[in-house]
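First comes the structure, then the notes that go with it.
Chain letters run A, B, ... following the sequence lines, proteins first and then strands; every chain starts at 1.
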Protein chains: 2
Amino acid sequence: MMTEKKKPPIPFFEGLSAQQQRDMFAVGISKTAERGQKIFFDGDRATGFYIVLSGKVKIYKLAPEGKEQILHVFGPGEPFGEVPTFANDVFPVHAQAVEKTNLLFFPRESFLGQIRQDPDLAMGMLATLSRRLLHMTKLVESLSLQNVSTRLAAYLVQLSEAQKQAATVRLDINKGQLASLLGTVPETLSRALNRLTNQNLIKVQGRQITIINRAGLDEWEETGL
Amino acid sequence: MMTEKKKPPIPFFEGLSAQQQRDMFAVGISKTAERGQKIFFDGDRATGFYIVLSGKVKIYKLAPEGKEQILHVFGPGEPFGEVPTFANDVFPVHAQAVEKTNLLFFPRESFLGQIRQDPDLAMGMLATLSRRLLHMTKLVESLSLQNVSTRLAAYLVQLSEAQKQAATVRLDINKGQLASLLGTVPETLSRALNRLTNQNLIKVQGRQITIINRAGLDEWEETGL
DNA sequence: TGTGCGCCTTGACTTAAATCAAGAATCGAA
DNA sequence: TTCGATTCTTGATTTAAGTCAAGGCGCACA
């Protein structure tokens, strides 16, 4: 029986016709990475890029002393590694599977061929890169201009929004990882959660976080206090 | 006499034929901004993007209390504002002329038309956005993983590299602005310069900085001490 | 040749967050 | 169900960097 892999929607390919998408998938090479397995290393030459079919991949930098800063966690449908692939450069980050992950690998050359034939493909990619860039802009803003509690509040609001405004959200990564994503350490995150809890803005039960006072969180976001 | 404006090479338009480039310039609208003049504000709807012909433009975010974080300083030949223009969004940042600046403005619609006809133009944009993204990635990295002296050392090394490995580099922005670009305040930058000076790594004379011990600077970059 | 104004530096102090160290809670597997 | 290992929390301490306040330097311009 030919069981087809479920294909998550791939924003990268949004706006492409069904035929174009089939063409793209045709040049992709299926790969698998186990939990904890490195997909590429900071400094590796980029011979192509990846799209996550299932599982999760974290993209991170390593400081000399070993502390890591997670830049992204990519899930199904999300591409990574396109940037250095395009610029014909080396990967500027590490990539590691957070759990068992299925990937599609697009070798640089075959992809370039596709793009030349197909301007719309390039358009879709441009949209994706734009969105990514916007995201980085916001990350820089929050890292440099806001304190940890503010960043946390913003993260929770955004998470709630992503989950259809649910008052109770569930972290999809553990708190240590969340700390790294917010550019801090677990201890500090723990204290930030306390601060918001003490102000009756949220309630924390493990990975489950209930937003008690959404307006109050927004306030934090804006004023930084 | 028809004095032609000097046209800096525009990476964006690299790979276009002379005719294509003329077409592009034809749809560009010439604008001027005086020193200190705002070009657009965070939140403005993006109706098009700009290319710097001469002068300098800083792109920055503002914290609620007024502190600014500079994201980029763009000089001749560099485009800015394409991202939200492309995503049909609002500008996520402020743009201000650091000095008297000549600009070319490309309205969204006319540019989109060009792009559709011209895959190479799209390729150029992809490369530009990729580079931008790389830059932002590095900015995030340095903001979150490194102390001010380390960021400063990295900046100086990079600047020296940009100026053909010159041992003596000249800051093209004042120290207050540099502080903001490095995600700090003038006082802290001043002290960071002292630290590097005391270790005999650099010599500072106003905006002129001489790199005495390049290897030592690299060391700082890597070890963060 | 002042003098007024940015720009920069310095010192004293405060503060947010990192680090260090110890324990609790949670979870999974034998 | 108990052991072991992560993961998380808490308290004490240190540290980098921000803030506040004052003064100096350089320079354009009258």
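- Within 6.0 Å of CZ in A/R35 there are 12 or fewer heavy atoms belonging to other residues, nucleotides or ligands.
- Protein atom CD1 of A/I173 is 12 Å distant from nucleotide atom P of D/dT7, rounded to whole Å.
- What separates CD of B/Q177 from P of C/dG6 is a distance of 15 Å, to the nearest Å.
- For the atom pair CG (B/L152) and CZ (B/R195), the distance works out to 9.5 Å, reported to the nearest 0.5 Å.
- Ring geometry for B/F41 against B/H94 counts as perpendicular: the plane angle is over 60°, on a 0 to 90° scale with 30° as the lower cut.
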| field | side-chain contact (heavy atoms from CB on, under 4.5 Å) assessment of B/L104 paired with B/V52 | value | CA-CA 7 Å; B/L104 220 42; B/V52 180; over 6 Å; no
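- Take B/Y155 and apply the ring pair (Phe, Tyr, Trp, His ring centres under 6.0 Å) test, not counting sequence neighbours, and it matches no residue.
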| field | Contact pattern, 5' to 3', of nucleotides 9-18 of chain D - B, S or - by protein heavy atom under 4.0 Å | value | SBBB---SSB
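- Minimum heavy-atom separation, B/R151 to B/G183: NH2-O, 3.4 Å.
- With 3.5 Å as the limit, one finds no donor-acceptor pair spanning the side chains of B/N194 and B/T197.
- Separating the CD1 atom of A/I209 from the P atom of D/dC8 is a distance of 11 Å, rounded to the nearest angstrom.
- When the side-chain nitrogen and oxygen atoms of B/N174 are compared with OP1 and OP2 of C/dG6, none of them lie within a distance under 4.0 Å.
- Distance, A/L171 CG to D/dT7 P: 14 Å, rounded to whole Å.
- Summarising the geometry, the separation between CZ on B/R35 and P on D/dA28 is reported as 13 Å, rounded to the nearest angstrom.
- The closest side-chain donor-acceptor pair between A/R108 and A/T47, if any, does not fall under 3.5 angstrom.
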| message | Across nucleotides 23-30 of chain C, 5' to 3', mark each nucleotide with B, S or - according to how protein heavy atoms within less than 4.0 Å reach it. | response | --------
